[in-house]
Amino acid sequence: MIGKEEFMKLKDFFLHKNPDGEINDSFTNLDDTERVIFKLIAKGFKQNEIAELLDFSSTRVKLHQNQIFEKMNFAKKADLLEYANKYRLI
């Protein structure tokens, strides 16, 4: 479990733009928590690891993941990984 200060540092780290300073509009439509979870998924973290890291329930992480997939029109995790690589988000 991490404290609020550590969470804020982690959030700031994960919310940066790609090296070219560009982020696709779909990604910018995600809220801060969804962006953090997006990047953690892209980096290979499992749902239970994300939940522990962010002090969320696994159900809450799954809800955010579903919202990410819906907002970005992803059908599967491979779509998320492809997008993250394309826009150098990981």
Side-chain angles (χ1 to χ4, degrees):
M1 197 173 354
I2 63 172
K4 184 173 181 167
E5 184 176 322
E6 290 84 8
F7 174 77
M8 296 306 288
K9 287 179 185 176
L10 182 66
K11 183 181 91 167
D12 291 342
F13 173 75
F14 280 113
L15 294 180
H16 72 280
K17 294 181 179 180
N18 72 20
D20 297 329
E22 299 172 357
I23 296 180
N24 183 287
D25 286 340
S26 297
F27 187 75
T28 59
N29 286 335
L30 301 179
D31 67 32
D32 290 351
T33 302
E34 291 166 345
R35 288 187 205 140
V36 169
I37 291 173
F38 177 105
K39 289 192 174 189
L40 289 170
I41 292 169
K43 288 185 176 285
F45 284 80
K46 306 285 186 231
Q47 184 176 324
N48 62 329
E49 295 171 325
I50 296 170
E52 185 177 332
L53 184 64
L54 301 179
D55 195 26
F56 290 172
S57 69
S58 290
T59 304
R60 183 172 176 189
V61 173
K62 183 65 176 172
L63 173 67
H64 284 294
Q65 181 179 324
N66 289 342
Q67 290 172 332
I68 292 165
F69 277 50
E70 183 178 319
K71 286 181 179 181
M72 300 194 70
N73 296 313
F74 294 157
K76 54 192 179 292
K77 185 176 175 181
D79 297 333
L80 183 147
L81 297 174
E82 181 181 336
Y83 182 94
N85 283 320
K86 179 179 180 179
Y87 291 98
R88 295 186 283 186
L89 296 169
I90 53 174

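- Taking CG from L53 and CG from N48, the interatomic distance works out to 11.5 Å, rounded to the nearest 0.5 Å.
- Shown here are the salt bridge (Lys or Arg N to Asp or Glu O under 4.0 Å) partners of K77, two or more places apart in sequence or in another chain: there are none.
- Pairs passing the salt bridge (charged side-chain N to carboxylate O under 4.0 Å, His left out) check and including a residue from residues 62-71, sequence neighbours excluded, read E34-K71.
- Every side chain to side chain contact (heavy atoms under 4.5 Å, CB included) that I90 has, sequence neighbours left out, goes to A42, K43, A84, N85.
- Rounding to the nearest 0.5 Å gives a distance of 13.0 Å between OG of S57 and CD of E52.
- Atom CD of E82 has 12 or fewer heavy atoms from other residues, nucleotides or ligands within 6.0 Å.
- Within the 4.5 Å cutoff, the side chain of L40 has heavy atoms near those of the L54 side chain.
- Note that CZ of F56 is 5.5 Å distant from CD1 of I37, once rounded to the nearest 0.5 Å.
- The CD atom of Q65 sits 4.0 Å away from the CD1 atom of I41 when rounded to the nearest 0.5 Å.
- Between L89 atom CG and L81 atom CG the span is 11.5 Å, to the nearest 0.5 Å.
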Q) Should Q47 and I50 be marked as a side chain to side chain contact (heavy atoms under 4.5 Å, CB included) after you check the CA-CA gap, both sets of side-chain angles, and the distance that decides it? A) CA-CA 5 Å; Q47 184 176 324; I50 296 170; 5.8 Å; no
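- Two rings, from F27 and F38, have their centers less than 6.0 Å apart.
- For the side chain to side chain contact (heavy atoms under 4.5 Å, CB included) test with M72, the passing option among L30, N29, L80 is L30; the others fail.
- For F69, the ring-ring contact (aromatic ring centres under 6.0 Å, His included) partners two or more places apart in sequence, or in a different chain, are F74.
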